[in-house]
Amino acid sequence: MSHFLRRQGWVASLFALFVMLFIITRLIQPAYGSGDFGSLVRAVLPYAFAVAAQTVVVIAGGIDLSVAAMMALTSVTAASMMNGASEEYALFVVPFVLAMGLVLGAVNGLLIVVTRVPDIVVTLATLFVLQGAALLVLDAPGGAAAEWLKALISGTVPIPGLPDGIDAWIPKALLLLIICICIIWIPLRRSKLGLSIYAIGSSELAAFRSGVPVARTRIIAYALSGLFAAFGGLALTMSTGIGAPIPGPYLLASVAAVVLGGVALGGGKGGLLGPIVAVFVLRLVRTDLTLLAIDPNVTAIIEGAIMVAVVMFGAFITMRGRQ
Amino acid sequence: MTSTPLLDASGVAKNYGAVAALRNASLSVLPGEVHALMGANGAGKSTLVKILTGAVPASAGRILIRGEARDVRSPAAARRAGLLPVYQEPSLIPDLDVLSNLRLTGTPVEPFRAWVRELGIPDLDIRDTARDIPLAVLRVLDLARALAVEPDVLLLDEMTAALPANLAEKVLEVVRRQGDSGRAVIFISHRFVEISALCDRATVLRDGETVGVVDIVPGVEEKIVELMLGARIVKTHVAARGANQAAATAASRPRLGVRNLRFGTKLNDVSFDLADGEVAGVVALEGQGQDELFAALAGSIRPSAGAIEVDGQPVKFTHPIDAIRAGLAYVPGDRAEALAMQRSVRENIALPFSAALRNWGPINMRRERAKVVSAIERLRIDTRAQGEVQRLSGGNQQKVTIARWIAADARTILCFDPTRGIDVGTKQEIYKLLRELAGNGKSVLFYTSELEEVQRVCDRVIVIFGGRVVDIFPVEEADEPALMRAAYGLPRGAKADIGILADPHSSSPETSDSPGTTP
Amino acid sequence: MSTTAIQSVPLGRRLKRFMADRPLIPLIILLVILVVILQILRPGIVNERWIANTIKFAIPLAILAGCQTMTMLTGGIDLSVGTVATMSAFIMATQVVNQDPAVAFLLAMMPAVLIGLVNGIGVGVFRVHPLIMTLGTSLIGTGCLQVYQRTVIASGAKIPDFLAWLGTGLTYGVPNALLLFVPLAALIVFTLSRTGFGRLLYAVGDNEHATRLSGVRYWQVISALYVISSVLAGITGLLYIGLIKAPSLSLAEPLVLPSVAAAVIGGTSIFGGRGGYTGTIIGALILTVLTTLLTILQMPEGARRILFGLIVLFVTAAYLRIVEER
Amino acid sequence: AGKYTIGISNTVQGNGWREEMVCAMKAQALASGEVAKLNIAHRNTDAAGQLEDIRNLISAKVDAIVVNPADPAGIKAGLEEATKAGIVVVAVDQAVTEPSAYIISNNQEQYAYLGAKWLFQQMGGKGEVFYMRGAAGASADSDRDKGFKKALAEFPDVKVAQEVFTGWQQDQAKQQILSFLSTGTPINGIWTSGIDNVIVDALVESQAPLVPIVGADNAGFVGQLSSVKGLVGAAVTNPGSIGGAGVTLALQILDGKKPAQQTVLVEPQLWENATEEGKAKLKAAADPSLSPEWPVSISIPDWTTYTKDQIVACKGPGE
Ligand SMILES: Nc1ncnc2c1ncn2[C@@H]1O[C@H](COP(=O)(O)OP(=O)(O)OP(=O)(O)O)[C@@H](O)[C@H]1O
Ligand SMILES: Nc1ncnc2c1ncn2[C@@H]1O[C@H](COP(=O)(O)OP(=O)(O)OP(=O)(O)O)[C@@H](O)[C@H]1O
Ligand SMILES: [Mg+2]
Ligand SMILES: [Mg+2]
């Protein structure tokens, strides 16, 4: 029990924060209902994938500055491939784009391993490369998305055995997020590969001496990051119906959410749940600021202050805990 | 015995840039043998182990395993070949719990648990994160993890250096049984007691070269030391202080007074005095509160009750700088804690000079250089790789941690196991140094996990058990059995069988480098 | 221990070791190679005027990269430099309309000091990760600037003549900005190598615990560091506004990522404990020349960015190869 | 006094033009007297982020949403949901593909065409032009590119000497022009996508010949057109006050006065300093008291009713 609390305490408090914010939201806007929650989840979707992409590499002791650019590239690729194509063609596009993310991510990892240049520089360089590639694919926002893809994240699905009242609170987008992440993350976390990812993040030397193939594990971590980023790119295309070659604000947001979610930037610690709950919190804060009609220039100040305050609070708690 | 060697390495060389860590090392280990690998600090023992287990690629050399040439390229490959190391630094993944660490290396859990119990740690929770486990226990876990897969050759790099006596004993027992069961162990240690109690043969390295292989027979220590040190044969007589000194120290006001110190559940009521010109030894088993005592004196933790007095004045430390200002300098046992590994020897030694806000300005390079050089010379630090401390051998790193406070001219030095992993020659130097410091009026509080050191260096012995001072007695009464009994919390004078170190047969050859301190 | 024998080492090896000991040399060689490529692509471009321009634009980048170098030495990073520079530039340009230049200067430097202090306390006392801390303060700073901006819409803006002279002026073909930069750079280099504070930056980044045991108060070092970094960023802002002469709310933001890149290309480790400022200066020059090179090339914007990324990667990798031992 | 709540969504922050747009929205909402509250989402984000903002505004139950779209097609779903929720949607500055939305927009293609055509005429129909675009991949930039190319097609002897993307960043633009100047390549004209005053500065500082320059009606550039000796140039209007017009349109629709068509285009004007008539226009337009990044055309006849003081105060209802 104490192990669980120590490990999950931060996530639990984040979740409590989310619930509290949700109650506040209902107080501000009593009509805030399941449809609005659905909107929230759709807004969360690309951020959640971006942060998942970032989390994997951060746990492995790295950082990936190319997350947002990777999302842009996969998004424009998907959108331009689906432009004018049939609905069925999209069935091919989705796996293609995901594979592309996986491969490009692996290339990131490979470059880090082979050149031995620090990850932050390699991914900064690939940030430019991927951005450039996105511009070559589409030099202005455009393309299209298959209708079924767009439908995949809007509305809810009737889940047998659940009353409609509850079902309404489980939007398709949330299901999609949970499924995509669970399929990849849960088996991984329990596998030896998952342990190896934590191990190289925690101590590369100790991992190597424990027989972990460090280079291969690092490449796989970046490949997974690319895969999640490709999911994020698809999520962008699904929600907007187009692809935009200029990366959105997902890079810094992903790093912020990783830290808010209790994943140490040094690597080796944390999980995926925390950062994703953090994304929900950050998006809900945004909603509340809009609902309250706060001066938009002040919202930047508030968002920054919240970020700093939460992390400071966390640091303060750990400091107290240590004494 | 004419069986093929389990492991046969010859002509092994390794260059780190301009530094040749190994030139021409060879090592041959027979089945059923506990084989000692000996050498002064920086001789290349750890490097050889790393090469044999694939952690570091060799620049040259040939390695045969069971007579077959094998290219061991990674620790995983070595593991498959039946070679399991316990390196000088713990290699559990700090952020994973013990269980995950086992799964990562494919170690079966039940045998591991059995070994852990056998090695004297009955209450391990395998869900504990490695980072939260004390260093000594980590080392034992490292060993248990290696033992659990029943390796053909076990390579132990200074396994016992960081262990308190009770754990060290168990390790020795287990290692000896490994040898008896037909497997082989390569055992690195600077402690002759252990070598003679345990090993069959010894390979001696000097400056990266194998200079001899000897059978361990009573009296061979002299020869090994000669081989190890080459021309540099040191025969120092570190005498404890003379009787006149004793009188002087007793009379003067205590330099440091500790009064009823408490910290959580770890320290319950510790009181003692430390006089000017005195070296007081602290003896304790693992985890009896000695870490907390030193941390409190160093200003790293705040005691929950009790008082510390310096020169009769009560002091309160909120940060190590307060302790340093009061003249207390702390040398931690774990050198990784004390050194900026990527910086030079010089910068590491000069670090305390810049600590205070008013010393943030330009540095007087000439003055600094003079001080640093004199400290380096005084401790005979091997400066071949001085550009980065991490390239020094373990022993030389350890010396840098002490040199810092010599250069800063601290009045009281709190040494926590300073000779951990240091070769005999260097040990002698450090003993001499501590005595010299005491002779110059400095005070030294000296915790050691090697009981025999107490007799060499200390004037008085403070025994801690269960967070309390259970006994304080003069060094004259501190022979090893007495210390051992006291450390176990037994009243002085009681008799009890406490393991092989008490066995007169295995400890009797221990004469070569302990000249005449036992009464 | 015997001294290592001086063996006859092959020339290539010796050359490599020579360069490894002087990491600046390979960096300078890389810079020269870029300039030569530029000259081949556009014969005649490498003239006095071009050099002056390059230096003018490299200087603000180099100073900000100095902030990154120093913070990176301690294992940190300062992402708020862009915002701080923009703030001081914007405040200077708008305040100087109605205020005495000295007062305007003080007003302009105020937010810099403040943000630096907050960063320092957050990182040094509360142990917030520098990336998050400086990102947070940069968001807060941007917000404040937006609010401030509304109060001065009507007052217009003016670039003080002195700043314009410093930012754009030339004396005998030499940019005046060097008058500011050379002493500043010398000061940074001296601080890092020959002062107690500089020593502490390296040591803290290498092993914080060890510095604590040696009596160093972490929060003092970190607070001072981030204040210094912010003040440097503020000064950069003033210089930059003199160069660009158009105050905007995102003036220096585009310099943030390149400043990190310049420091890393220059050989400073992002993990702390390793690096220096001279390398960073060359790093900034390399990036500036690279930008010109890509502007000159006639190719689609996408291809240009790809090339930029690849060259940055290649330069860093080549540099590491050369400097690394073994 | 007002009764409506209007939501505003904008995705570029910290750029003079957009700031003016937001201030115009606020000022117009205040001046109209019909608006009780403005609910502004104003930050740097992409189409997906704008969708989030629009949906938040729907949750906030605003009566109308005035939006400067991050992308014409990318926010279609959100706008559709808004219309379904009974919210009036007005897009300003750029068109949107959602058919139920009303559009009041500056004609970006025309903006580029007008300026480029004038420039090519000034160059005598031949020579080399330095083409300084906006941000690669932005939809306003690609619209302008269409207009520029259209004009270019009409002047076969005009060649593009160099094409660069300024990213609408002044420092980048300045570095690009200075690098270009030092190559010594002769040019006969410069077309900029609104990053203009730094270009004039660069020419003056480096004592390069002042070739004709086309820019936008930013206060700084308009001032330069009258003050810099020997500078021939033209400012094409691209009023940020279009935001105010958007608010007016939304209010008209809320009041039941629907416009004849869904789309209202505000045509750009060109103010040049080559003729006396143009100079007079420039003089009338110039406003040195404005922040140099602000467009000087702070109002749009028939569409905005606020005063200059009101827009400069940048205060909305209830502030
Ligand atoms: N990574 C490295 N880079 C440069 N030199 C190194 C490196 N590792 C070891 N050395 C050098 O190699 C030599 C042998 O070191 P090694 O650690 O093997 O010694 P050791 O015999 O284990 O000593 P100790 O008893 O002190 O642990 C030393 O001189 C050391 O300075
Ligand atoms: N840069 C330096 N180079 C060499 N020696 C130094 C240097 N700075 C300080 N020292 C020496 O280190 C010792 C401690 O110096 P420091 O200035 O820290 O004194 P302090 O103990 O803090 O002083 P006080 O007791 O007066 O407060 C002195 O012997 C001093 O001469
Ligand atoms: Mg060793
Ligand atoms: Mg050793």
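Within every chain, numbering begins at 1; the chains are lettered A, B, ... in the order of the sequence lines, protein sequences first and strands thereafter. Computation of the quantities below employed the complete heavy-atom set of this structure, encompassing side-chain atoms and omitting hydrogens, waters and symmetry-equivalent molecules. Note that the coordinates shown come from a computational prediction; the quantities given were computed from them, not determined experimentally.
- The minimum heavy-atom distance linking B:S91 with A:R209 is given by the pair CB-CB, 4.1 Å.
- Distance check: A:S191 OG to B:R103 CZ gives 8.0 Å after rounding to the nearest 0.5 Å.
- Other residues, nucleotides and ligands contribute more than 12 heavy atoms inside 6.0 Å of the CZ atom of A:F18.
- Partner of A:L195 under the side-chain contact (heavy atoms from CB on, under 4.5 Å) criterion, out of B:N101, B:L96, B:L102: B:L96 alone.
- Of the two parts of B:L92, only the backbone, made up of N, CA, C and O, holds a non-hydrogen atom closer than 4.5 Å to a non-hydrogen atom of chain A.
- Here A:S202 pairs with B:D95 under the side-chain hydrogen bond (donor to acceptor under 3.5 Å, both in side chains) rule; sequence neighbours left out.
- In this structure, A:S210 has no side-chain hydrogen bond (donor to acceptor under 3.5 Å, both in side chains) partners at least two apart in sequence or on a different chain.
- In this structure, A:R190 CZ and B:S100 OG are separated by 10.5 Å, a value rounded to the nearest 0.5 Å.
- Looking at every heavy atom in both residues, B:A55 comes nearest to A:F208 through O-CE2, 3.2 Å.
- Here B:I93 contributes atom CD1 and A:E204 contributes atom CD; the two are 10.5 Å apart, rounded to the nearest 0.5 Å.
- Put simply, of B:P94, B:G106, B:A130, the one with the most heavy-atom pairs under 4.5 Å next to chain A is B:P94.
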